[in-house]
Amino acid sequence: MRIARFSIDGNVAFGAVEGEGPDGLVLDIIKGIPYAEFELSGTKVPLSKVRLLPPVLPNKVVAIGRNYAEHAAELGNEVPDAPIAFFKPTTSVIGSGDAIEYPSFSNELHYEAELAVVIGRMCREVPRERVKDVIFGYTCANDVTARDAQKREKQWARAKGFDTSCPLGPWVETDVDPSDLTIQATVNGEQRQLGRTSEMIRSIEDLVVHITEAMTLLPGDVILTGTPAGVGPLHVGDEVAVTIEGIGTLTNKVIKRG
């Protein structure tokens with residue numbers, strides 16, 4: 001099931017996405033929130049009549065660096081002995097169709113297409129055999145990075161945590177096997193990244209176990225699983241799209257920060 005979060009007539013709701021093709025998609029509005037048991041209301045609105053919002057509002061986004069060997073190599077880095085985890089704040093999260101604002105402190109903005117894991121229940125110290133039980137679903141993400149600031153400042157907080165640096169969407173897919181999906185990024189329609197989730201160094205199970213050894217994850221929290229090779233620059237006016245097989249396409253335009 002595809003679960004979207006949207007706004008219509010000033011109201012925010014969740015809905016199950018039904019249908020196919022850009023003109024055939026409708027939202028069946030959900031009663032309640034999708035992390036618990038819910039019912040479909042039967043009230044349906046065309047997707048074209050609503051504004052898609054970030055599919056979740058995470059308490060925290062835990063991102064993983066250098067989880068694809070070719071990406072680590074393209075930036076001159078070694079594969080780390082343990083997963084490199086960092087945070088992106090909630091203020092960095094935007095939805096599909098929202099604008100990425102080019103930060104004033106950077107001259108080298110990069111896209112990074114990633115598979116995002118959405119947590120469905122509060123969990124801590126999750127054993128490997130129970131990882132699937134705590135996952136709500138999966139969505140597309142773009143770990144937008146001020147690469148020059150990342151290199152200059154060493155710590156990644158500003159480089160990867162600035163406002164609008166975490167596009168998520170367009171919805172959460174709850175019924176997909178994430179182990180071997182095509183993941184790609186295009187800029188202005190030109191393919192820039194193409195990889196498969198099977199190329200991850202550490203699996204989703206590895207990452208959930210590693211992260212929850214240290215912290216509690218809450219419903220709606222997001223894990224970014226790393227990016228394949230092919231990262232590169234974005235400029236004001238560019239339109240960047242992240243597409244993941246079986247999930248959908250997340251599209252954002254880059255604008256100058258006002």
Side-chain angles (χ1 to χ4, degrees), residues 2-4 17 52 54-56 58 61-75 77 79-80 83-86 88 92-97 100 109-119 131-132 135-145 147 160 165-208 211 222-234 238-254:
R2 295 171 291 179
I3 305 293
V17 183
L52 281 178
V56 291
V61 177
V62 187
I64 301 297
R66 302 174 192 168
N67 198 30
Y68 288 75
E70 289 187 6
H71 168 61
E74 74 179 344
L75 296 181
N77 297 310
V79 173
I84 297 175
F86 59 94
K88 292 174 82 81
S92 70
V93 175
I94 58 174
S96 190
I100 298 167
L109 196 66
H110 278 199
Y111 55 83
E112 294 190 6
E114 308 206 7
L115 174 70
V117 180
V118 180
I119 299 299
V131 166
K132 290 183 179 179
I135 293 174
F136 175 63
Y138 304 89
T139 192
C140 306
N142 191 345
D143 177 19
V144 184
T145 302
R147 191 71 68 198
K160 287 178 171 284
S165 67
C166 190
L168 298 174
W171 42 64
V172 177
E173 174 57 70
T174 65
D175 186 21
V176 66
D177 180 351
S179 61
D180 188 28
L181 302 176
T182 301
I183 178 170
Q184 65 176 317
T186 63
V187 178
N188 302 324
E190 178 183 337
Q191 184 174 286
R192 299 292 179 83
Q193 282 184 286
L194 180 63
R196 302 195 69 84
T197 56
S198 55
E199 298 167 353
M200 289 183 196
I201 298 167
R202 274 97 184 183
S203 67
I204 290 169
E205 289 80 9
D206 293 335
L207 299 181
V208 172
I211 292 166
V222 170
I223 298 171
L224 303 189
T225 57
T227 192
V231 301
L234 289 170
D238 284 346
E239 183 176 82
V240 56
V242 174
T243 301
I244 301 179
E245 177 185 0
I247 298 176
T249 299
L250 164 70
T251 304
N252 302 92
K253 191 167 184 177
V254 182

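On a predicted model such as this, the values are computed, not experimentally measured, just so you know.
Using a 4.5 Å heavy-atom cutoff, the side chains of I94 and I100 are in contact. By the 4.5 Å heavy-atom criterion applied to side chains, N67 and P83 are not counted as neighbours. Considering only heavy atoms from C-beta on, T145 stays 4.5 Å or farther from Y111 through its side chain. Side-chain atoms of R192 and E190, non-hydrogen and from C-beta on, do get closer than 4.5 Å to each other. The shortest side-chain heavy-atom distance between L115 and M200 falls under the 4.5 Å cut-off. Taking the side chain as every heavy atom from C-beta outward, I211 and I64 approach each other to under 4.5 Å. Side-chain contact check for D143 versus C166: every heavy-atom pair is 4.5 Å or farther apart.
Proximity of a side-chain donor or acceptor of N252 to a complementary backbone N or O of G95 within less than 3.5 Å is detected. Although no hydrogens or angles enter the test, the distance criterion places a donor-acceptor pair under 3.5 Å between the side chain of K88 and the main chain of K160. Although no hydrogens or angles enter the test, the distance criterion places no donor-acceptor pair under 3.5 Å between the side chain of T249 and the main chain of T243. In this structure a side-chain-to-backbone donor-acceptor pair under 3.5 Å is missing from T225 to I223. Side chain of N142 to backbone of E112: a donor-acceptor contact under 3.5 angstrom is found. Looking at W171, its side chain never comes within 3.5 Å of a backbone N or O of G248 through a donor-acceptor pair. Counting only distance, with no hydrogens or angles, the side chain of Q184 and the backbone of G195 share no donor-acceptor pair below 3.5 Å. At least one donor-acceptor pair closer than 3.5 Å links the side chain of E173 to the backbone N or O of D175.
In the displayed structure, Q191 atom CD is contacted under 6.0 Å by more than 12 heavy atoms of other residues, nucleotides or ligands.
Taken to the nearest 0.5 Å, the OH atom of Y68 stands 5.5 Å off from the OG1 atom of T197. Note that OG1 of T174 and OH of Y138 are 10.5 Å apart. Values are rounded to the nearest 0.5 Å. The CD1 atom of I244 sits 4.0 Å away from atom SG of C140, with the distance rounded to the nearest 0.5 Å.
Across T182, D180, L181, a single residue satisfies side-chain contact (heavy atoms from CB on, under 4.5 Å) together with S198, and that is D180. Partner T227 forms a side-chain contact (heavy atoms from CB on, under 4.5 Å) with one of Q193, R66, H110 and no other, that one being Q193.
Across V56 and V93, no two heavy atoms sit closer than the pair O-CG1, 4.3 Å. Looking at every heavy atom in both residues, T139 comes nearest to P55 through OG1-CG, 4.0 Å.
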Are V118 and I135 close enough, and set up right, to give a side-chain contact (heavy atoms from CB on, under 4.5 Å), and what steps lead you there?
CA-CA 6 Å; V118 180; I135 293 174; over 6 Å; no
Between V62 and V222, is a side-chain contact (heavy atoms from CB on, under 4.5 Å) present by the stated rule, with each step listed?
CA-CA 6 Å; V62 187; V222 170; over 6 Å; no
Pair L168-L250, side-chain contact (heavy atoms from CB on, under 4.5 Å): steps then yes or no:
CA-CA 7 Å; L168 298 174; L250 164 70; 5.6 Å; no
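Within the structure, salt bridge (Lys or Arg N to Asp or Glu O under 4.0 Å) contacts touching residues 238-247 (residues at least two apart or in different chains) are R196-E245.
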